Every structure is written in structure tokens, then in C-alpha cells.
There are 2 protein chains.
Amino acid sequence: MSKGLPTRSENYSEWYNELVKRADLAENSPVRGCMVIKPYGFSIWEKMQRALDDMFKDTGHSNAYFPLFIPKSFLSKEADHVEGFAKECAVVTHYRLKNDPNGGGVIVDPDAKLEEELIVRPTSETVIWSTYKNWIQSYRDLPLLINQWANVVRWEMRTRIFLRTSEFLWQEGHTAHATQAEAIAETEQMLDVYATFAEEWMALPVLRGIKTPNERFAGAVETYCIEALMQDNKALQAGTSHFLGQNFAKAFDVKFQDKEGGLEYVWGTSWGTSTRLMGALIMAHSDDSGLVLPPKLAPIQVVIVPIYRDEEQLAKISDRVNGLVKELRKKGISVKFDDSDAYKPGYKFAEYELRGVPVRLAMGMRDFENGTVEVARRDTKTKETLPFDGIVDHIANLLEEIQQSIFNKALAYREANSFRADSYEEFKTTLDEKGGFIYAHWDGTAETEDKIKEETKATIRCIPLDAPEEEGTCIYSGKPSSRRVVFARAY
Amino acid sequence: MSKGLPTRSENYSEWYNELVKRADLAENSPVRGCMVIKPYGFSIWEKMQRALDDMFKDTGHSNAYFPLFIPKSFLSKEADHVEGFAKECAVVTHYRLKNDPNGGGVIVDPDAKLEEELIVRPTSETVIWSTYKNWIQSYRDLPLLINQWANVVRWEMRTRIFLRTSEFLWQEGHTAHATQAEAIAETEQMLDVYATFAEEWMALPVLRGIKTPNERFAGAVETYCIEALMQDNKALQAGTSHFLGQNFAKAFDVKFQDKEGGLEYVWGTSWGTSTRLMGALIMAHSDDSGLVLPPKLAPIQVVIVPIYRDEEQLAKISDRVNGLVKELRKKGISVKFDDSDAYKPGYKFAEYELRGVPVRLAMGMRDFENGTVEVARRDTKTKETLPFDGIVDHIANLLEEIQQSIFNKALAYREANSFRADSYEEFKTTLDEKGGFIYAHWDGTAETEDKIKEETKATIRCIPLDAPEEEGTCIYSGKPSSRRVVFARAY
Ligand SMILES: [Zn+2]
Ligand SMILES: [Zn+2]
């Protein structure tokens with residue numbers, strides 16, 4: 001039940017935590033920092049996976065699977081990479097337990113110490129490039145376009161379900177190319193795939209941009225990202241695509257023979273999205289009554305609730321509704337007819353509202369006799385009574401309309417919460433009073449970026465790909481700048 | 001290329017290893033005991049996953065996700081379980097690395113020792129039942145029908161790709177029920193699902209049976225299994241379904257309020273299949289030329305190879321073939337038109353044979369002019385030249401025929417290699433000279449089972465569910481027995 005869900009304006013953070021819990025999306029596990037993704041939450045993630053996977057395959061990628069463990073020494077092979085990832089990670093040091101001779105249950109067997117410790121993968125560039133070395137000899141082996149769906153672990157002290165957990169689920173693409181241009185084109189293509197997925201499936205408008213060197217993936221030459229705005233006016237990075245140059249090829253000695261017979265290092269990319277997208281989906285659209293799901297990702301798109309006094313009435317309504325259920329399913333619409341006797345209609349309404357079911361139909365005896373049905377939209381919370389005849393087409397159209405409408409609302413919200421700041425004072429005032437995306441001039445140095453972050457907790461989310469040239473001066477240093485970048489406080 | 005693939009009769013084990021490697025299914029990774037599943041192999045696994053997942057959902061199950069790590073103390077809560085699983089497992093003892101002050105790269109940070117070690121899950125009963133405790137209060141919360149697709153780790157000293165690896169991929173179902181009868185029905189239902197999948201998708205005939213107490217899952221009251229026979233006459237366990245009784249409910253204190261208001265322990269089941277099925281699929285059907293794949297699991301069902309001398313000929317053939325490709329795809333048949341110039345037809349033929357593509361079409365200029373096409377079956381290695389008109393329907397039927405034919409062949413093989421033995425001498429002779437499934441009387445004791453295993457390396461694969469009652473005497477002890485059980489040497 002949604003009763004007592006905190007409101008967003010009261011306490012956005014509590015609202016999120018409670019919503020995740022009450023809508024049966026996920027919960028904290030007995031293992032610190034790791035989550036349990038519950039069936040309802042997981043079914044949304046499955047829909048995301050399926051849509052992304054189809055897009056990866058349509059762009060020529062295949063799935064594969066690489067080991068969970070990475071030998072400790074691998075991490076050190078790419079100098080930047082080890083700085084970024086070797087630190088907070090789960091380390092396997094032993095491979096056996098034994099009975100405590102003193103009767104204290106099981107203990108780690110000191111005789112079963114690994115010669116070289118294994119790291120639970122925080123990301124798989126190292127183990128994958130060490131494998132690619134054997135797979136790539138000639139230009140004929142390129143491009144190599146591979147993706148993997150996997151769990152990864154990055155030890156976190158402060159965790160939040162979906163947004164930052166020690167273990168999370170993700171996909172990581174790892175590709176190898178003969179030329180720099182081809183690798184950059186791949187990096188940009190996958191950013192496009194992510195942006196298209198965010199906008200068309202998640203109904204989430206995103207900025208496409210490039211990260212500053214400070215925020216770049218450890219080991220990348222360039223990191224592209226998509227950035228979305230949440231309802232508390234904080235930014236959320238929803239996907240990254242990295243151009244790796246020849247960094248990993250050099251670290252793992254991956255060369256290929258080109259058409260002319262010369263030996264050259266391979267060019268690489270990697271790109272990933274994770275269960276973090278679940279957090280973005282929840283925070284971007286939901287309201288004080290619960291989840292709002294875009295129809296394309298809703299596990300149940302339409303729920304039908306009968307309102308009846310006795311078995312005879314239920315039988316009549318069911319009889320009419322069963323045909324509708326069949327027709328909707330024929331159109332590929334997922335529908336649930338909730339005729340369970342355990343709960344009253346009002347309880348069911350609140351429950352499906354909480355779970356974000358996009359369309360709710362209700363039919364009572366009056367509707368039955370009048371040949372009508374009540375149609376309620378989750379996103380706008382509007383209701384109308386419509387003729388039962390022709391309702392199938394109406395619902396099919398309505399689902400498309402809702403998908404578009406949720407996107408439009410989020411886009412309008414982002415537009416209304418995107419600001420320009422031309423001085424540091426203006427920047428700080430906007431940040432504190434409004435938040436959102438702040439477009440401002442920056443001198444291009446890491447020092448300025450660090451100072452601003454230190455003083456305001458805002459980071460440069462990206463240099464937008466479509467940023468127009470504009471002469472200006474850095475809000476912090478006053479030095480010249482040729483385009484605005486996007487600042488925000490972020491998840 | 002298949003050139004030089006060892007033959008099965010020469011060296012079955014080498015044949016398997018080389019086939020796995022050359023057909024691009026999988027390879028050993030730089031991490032001891034862990035494999036890399038290559039794109040072609042993974043695409044077969046994806047088809048298996050999809051089919052199984054659909055069957056799980058059709059029987060009312062939902063997917064969820066539970067943590068990779070299990071606190072060490074959890075394993076000790078179910079007494080048998082810890083004996084079975086706590087021993088050979090990956091133990092995480094630290095959560096941070098740091099730079100070696102002596103300049104030796106990164107080392108484990110001794111200050112980042114976990115208070116309680118974490119085990120990388122070898123199976124998830126413990127962490128799942130500790131979660132179910134919070135999810136189950138009343139009979140209304142039951143049954144709870146959940147599955148998870150995950151990676152698990154069981155440290156192995158002697159590994160073989162797909163058959164026994166330290167990390168493997170699997171699914172594990174974990175269900176909770178109000179009554180013993182319901183839990184047993186679930187256990188049996190999932191065994192049926194596995195058997196149906198093995199027979200209808202993998203074309204692999206299986207025995208359905210019950211494990212002896214010796215071979216039972218650690219923590220189960222009863223373990224059901226499906227057992228298949230490989231071409232070297234060794235058995236392979238292809239799936240298990242466990243009735244857990246109230247063991248895990250008691251270990252994790254999971255009770256529910258029944259309809260009458262009483263508090264009772266919940267009844268449980270768990271069931272799993274893994275990437276081991278890939279090993280079974282390969283070993284059951286393939287031949288000395290390479291893989292033989294049942295069409296339902298073949299990533300490419302039909303390959304079309306043009307035979308031409310110049311661009312003009314290729315253009316003519318392509319023109320005709322492109323329409324066919326479209327029509328086959330419309331029927332849901334996956335087809336590849338290999339018009340690449342890099343390799344000659346003969347090379348391509350061998351390559352697709354190695355990879356087990358069920359149907360190969362070839363079209364040269366003579367076919368083009370005669371309005372024919374050459375159709376080759378991978379399983380029987382037969383060829384026929386057929387009219388191009390009507391070829392689509394012919395191929396659709398042929399794929400079904402091949403699926404059935406591969407099953408029939410495997411079934412005939414198993415029947416021809418199932419034996420009865422009525423004395424220990426006969427048993428040992430049959431085992432050494434023929435192998436296969438040996439039906440024999442057993443006195444029902446673990447002692448006899450252990451002795452036979454020690455002396456012959458044969459184990460009791462199962463007590464078949466359909467074993468008829470038959471009075472007899474144990475081949476080892478001469479004690480009375482009322483039905484035959486199935487012995488074999490096994491993977
Ligand atoms: Zn960005
Ligand atoms: Zn068995």
C-alpha cells in the first residue's frame with residue numbers, strides 16, 4: 001500500500017528508498033552493500049536487458065562470457081586503470097574452508113592460500129584484452145564486437161539501492177578495431193544506442209556529451225556519456241562509452257597484421273550500462289503515489305479490476321473481460337485481470353498505482369449494463385468512462401500516448417531546470433536555489449574543476465556534443481573559454 | 001578447419017577438447033579453472049537460456065537476483081549443506097588493495113580485512129532462505145516461485161571446459177510452499193521441465209530418477225535428476241531438482257501462519273541446470289567432423305554457399321538467393337548467406353560442418369540454370385539436389401525432421417548401450433567392455449554403493465522413476481532387492 005509513502009518535497013531521498021521497498025523493486029541483502037532485486041523489479045530490468053540486447057545485436061555485436069576473477073597482476077598492466085579500479089575491490093585470497101579444530105564452525109583453511117590473489121572483476125578490460133591477444137592476429141579478425149552481461153563488484157562504503165551498490169548487474173561491451181577512426185565511430189555509435197534506449201524506452205531525455213579528463217574512465221582516451229536530470233534536480237549518469245585508444249592493446253600486447261603486412265596495435269572501445277538505470281527510471285518519472293513506468297518497460301501494461309458484490313456479478317464481468325484480455329494479448333499487450341477475492345478494489349487501485357501500471361481498467365455492474373468501462377491513466381491520474389466497443393484500439397493508442405507523454409513531461413522538466421550562469425556568484429545561487437543543469441564557461445583546467453567541486457559539490461557532467469561555440473570567460477578563473485559545459489550536483 | 005580433429009574412437013577426451021576449441025565454443029581463461037565462453041558457444045547457451053526461461057515462466061516462476069557473496073556463517077546454518085559446500089570455495093577476505101610501499105605493484109591492504117569472510121556463492125540456498133524469512137509471513141505469501149540466472153564458483157582442482165569448471169553459469173530455482181505435497185509436486189514438475197527441455201530442445205533422451213542418499217544434494221531430503229548417456233558410454237547428470245523438506249526453513253527460521261492461524265515451517269525446493277548442458281549437447285551428438293546441433297538450438301540453422309567463378313555469376317546467384325533468405329527468415333529460420341570472398345567453398349563447407357550448422361545449401365551455375373539447389377544435412381551427411389521451387393517448405397520440414405532424427409539416433413544409441421547385469425562379475429565385465437547404463441540389483445546400503453564405486457569407479461546414477469518392481473539380489477552383497485538401479489561411470 002502506498003499509504004504513508006513520504007512525498008518528494010518532504011524528503012526526496014526517503015521517498016526513493018521507501019518507493020523501492022514498497023513497490024517490491026529491491027531491498028538490502030544480509031551482505032553489506034549488496035542488494036536483492038525482487039521479482040517485480042527484476043522483471044523491469046529484464047525488459048531493459050532485452051531491449052538493449054536487441055539493439056546491440058542489431059549493431060553487429062555478439063555476447064560472450066569472461067571470468068568473474070581477475071589475477072591481481074592484470075590490474076597493474078594499464079597504469080591509469082589500476083589507479084581507478086584496483087583500490088576498492090573484493091579480494092579472494094583462499095580457496096578452502098575447514099572445520100575449526102576448536103569447534104567454532106568453519107574457518108578459512110590457512111593451507112589453502114592462493115599464490116596470486118584474485119580480484120572480483122570491477123570491470124573486465126584487463127581479462128578481456130589478455131584474451132583478445134590470442135583472438136586477434138590479422139585485420140581479418142577485426143572488428144571484434146563483443147558484449148557481456150555480468151555482475152561486477154566495486155567495494156562501496158556508502159551504498160544506495162540501484163544507484164551505488166557493491167555488487168551490481170551490468171553489460172560491458174568490448175570492441176577491437178583496425179583503425180582509430182573506426183574505434184571512435186563505434187564509441188559514438190554505442191553512445192547513440194544508449195541515448196536512443198534512454199529516450200525511446202525509458203522515456204528519459206538525456207544530454208550526450210564528453211567527460212572532462214578528471215571524470216574520464218580509468219584507462220580511456222575519451223569518455224562519452226549520457227546524463228539525465230532527476231526530479232530533485234540532481235544529475236545521473238546513465239551510460240558511458242569509452243574510446244580506449246591503443247592503451248589496452250599496448251598493455252596486453254595486442255597487435256594485428258594489416259593488409260600491407262605491417263604489425264600494428266589494435267584500437268579499442270568499451271561501453272556500459274548497469275542496474276543504475278533502474279534508479280534513473282524510478283527517480284525520473286515517479287510521483288508521491290508511487291512508480292510511474294513508461295509502458296514499454298512496464299511488466300504489466302494494463303490491469304483490469306472488477307467491481308462486484310457477489311459471484312454472479314463477478315461471473316458476468318469476467319465473461320466480458322476475458323475476451324478483452326485475449327484480444328489485448330494478441331496485440332502483444334501484457335495484461336492482468338485481478339479477480340482475486342483477497343483485497344477490495346480500492347486497495348488494488350492503490351497497489352497498482354504504487355507499482356506504476358500504466359493503464360487501469362475498472363468494470364462494475366453499471367459499466368456492464370451500459371456497455372462501458374472506466375479507463376484510468378497512471379501518469380496523469382485522469383479517468384474517463386468509455387464504450388467497451390473499440391476499447392482494444394483505444395488502449396493500444398493510449399499506451400503509445402502515455403510513453404510519449406512521460407517523455408515530454410521529463411523533457412519539459414529538464415528544460416525548465418536548465419540554467420545559464422555567467423558568474424561564480426550566479427552559479428552558486430542557481431545551484432543552491434534551483435539545482436538542475438547549469439551551463440557555464442570553464443577554463444578547461446582540472447584545477448578549476450576541482451576547486452568548484454570542492455566548494456560547491458557540483459561537477460562537470462559533460463561537454464555537450466552539440467554545444468555551440470561561444471566566446472566567454474570561466475566563471476571561476478575568468479580565463480577565456482570557447483563553449484559552455486554542463487555543471488550539476490550528481491548521483 | 002576440421003582438419004586433424006582427433007576421432008572419437010582414437011581419443012574421445014581429446015576429440016572433445018579440440019572440438020570445443022576449434023568450433024569456437026569456449027576456451028580456458030588466464031584464471032585457473034575458469035573458462036571464456038566464446039560468442040558462438042555463448043549463442044547456443046543463450047538459446048538454451050531462452051527456452052528454459054520461457055518454460056519456467058510458463059510454470060509460474062519469476063526471476064530475481066540475490067547477492068554473489070554469502071557470509072561465512074550462513075553456510076554453517078544447515079548442517080549437511082556446510083559439509084557439501086563450505087569446503088572448496090573462493091573466500092573473500094579483504095576489500096582493498098594498495099600500492100606496495102616497496103614498489104612491487106599493488107598488494108592486499110592488511111588494514112582492509114573483513115570482519116567476517118565472504119564466500120563466493122557455490123549455490124544460493126542460504127542467502128535466499130535468509131531473505132525468504134522476511135518475505136513469508138502468511139499462507140497468502142505462498143507459494144513463492146523464484147528463479148535466478150547467475151554465476152557460481154566451486155573450486156575445482158581438475159577442470160574440463162563446460163563439464164567441470166571453477167566458475168560456471170547456471171540457473172537456480174528456489175521455491176517455498178505451504179505443504180509437503182505441494183513442494184514435492186513442484187520438485188517433480190521441474191524435473192519434468194528439465195526432461196522436456198533435454199528431449200525436445202537438446203534432442204537428448206534422459207532417464208528420470210532419484211539419487212541415492214550418497215549422491216543427494218547437501219541439505220536435501222530427496223534429489224531427483226535426469227541422466228543422459230554420452231557417446232563414450234559415460235553418463236552425464238544434466239539437471240537436478242531437490243525436495244528440501246523443511247531443512248532450510250528450520251535453519252533460517254522461516255515460518256508462516258496457515259489458514260487456521262497456526263505457525264508452521266515452510267517447505268522448500270531447489271533445482272538447477274548449468275553450462276554443463278553445453279558439454280552434454282556437444283558430447284551426445286557430435287561426430288568426427290565436428291559439432292552436430294539440433295536445429296532448435298543452432299545459432300545458424302541454414303547456411304547458403306554460392307559457388308561461382310566471377311562477379312557476374314555471383315550476382316546472378318545472389319539475386320536468386322536473397323529472396324530465399326528473406327522467405328526463410330519470415331518463417332523464423334535463421335539463415336546465413338556466406339558470399340565472402342576470403343575462402344573457397346570447400347573450406348566453408350568444412351567450417352560449417354565443424355560448427356554443426358544443420359542444413360547447408362549450395363548453388364553453382366549449373367543449379368542456377370537448372371532451377372535447382374543442393375541441400376546437405378549435417379547430421380546424416382547426405383546430400384540431394386532439389387528444385388528451387390518449394391525449397392522453403394522443404395527446409396522447414398527438414399529442420400523438424402533433423403531435430404527428431406538426432407533425438408532418435410541418441411535414443412537408439414542409449415537403448416543399444418543399456419545392459420542388465422545379474423552378478424558382480426557380469427557387472428564388471430559389462431562395465432569394462434561396454435560401459436553404458438547398467439541396470440542391476442542393489443541392496444540399498446551406502447556401504448555397498450561405496451564399495452562398488454571404489455572397486456569399479458561406477459556410481460548409481462539413479463533409481464529410475466519408472467523402474468518396475470522386480471525381486472532380485474544385490475550384485476555385490478547378495479542381499480535382497482526389489483528393483484534395479486542404474487549404474488554407470490559418469491562425468
Ligand atoms: Zn555527461
Ligand atoms: Zn539419476
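Just so it is clear: chains get the letters A, B, ... in the order the sequence lines come, proteins before strands, and each one is counted from 1. If you're wondering where the values come from, they're calculated on a predicted model, not measured in any experiment.
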Seminar exercise, completed: Nearest heavy-atom contact between Asn151(A) and Arg121(B) is ND2-NH2, 3.5 Å
For this session: Could you tell me which non-hydrogen atom of Pro39(B) sits nearest to which non-hydrogen atom of Ile146(A), and how far apart they are?
Result: CG-CD1, 3.6 Å
Exercise. Should the pair Glu46(A)-Lys57(B) be classified as a salt bridge under the 4.0 Å nitrogen-to-oxygen rule?
Worked result: yes
Exercise. Has Lys21(A) got more than 12 heavy atoms of other residues, nucleotides or ligands less than 6.0 Å from its NZ?
Worked result: no
Portion of [X] that has a non-hydrogen atom of chain A nearer than 4.5 angstrom:
X: Trp45(B); value: neither
X: Gln148(B); value: neither
X: Ile128(B); value: neither

Hey, does [Y] have a side-chain heavy atom less than 4.5 Å from the side chain of [X]?
X: Leu97(A); Y: Ile119(B); value: yes
X: Trp155(A); Y: Leu114(B); value: yes
X: Pro30(A); Y: Phe74(B); value: yes
X: Trp135(B); Y: Glu27(A); value: yes
X: Val120(A); Y: Phe69(B); value: yes

Tell me, out of [options], who's got the most heavy-atom pairs with chain B below 4.5 Å.
options: Asn99(A), Ile70(A), Asp109(A); answer: Asn99(A)
options: Tyr65(A), Tyr40(A), Phe42(A), Phe66(A); answer: Tyr65(A)
options: Glu116(A), His94(A), Arg32(A), Glu117(A); answer: His94(A)

Proximity breakdown for [X] and chain B, heavy-atom pairs closer than 4.5 Å:
X: Arg154(A); result: neither
X: Asp53(A); result: side chain
X: Arg140(A); result: side chain

Choice from [options] maximising heavy atom contacts with chain A below 4.5 Å:
options: Ser166(B), Ser76(B), Ala90(B); answer: Ala90(B)
options: Ser62(B), Pro67(B), Ala26(B), Cys34(B); answer: Pro67(B)
options: Asn147(B), Thr93(B), Asn63(B), Val127(B); answer: Asn63(B)

Problem set entry | Whether Glu167(A) side chain and Leu68(B) backbone form a donor-acceptor pair below 3.5 Å | yes
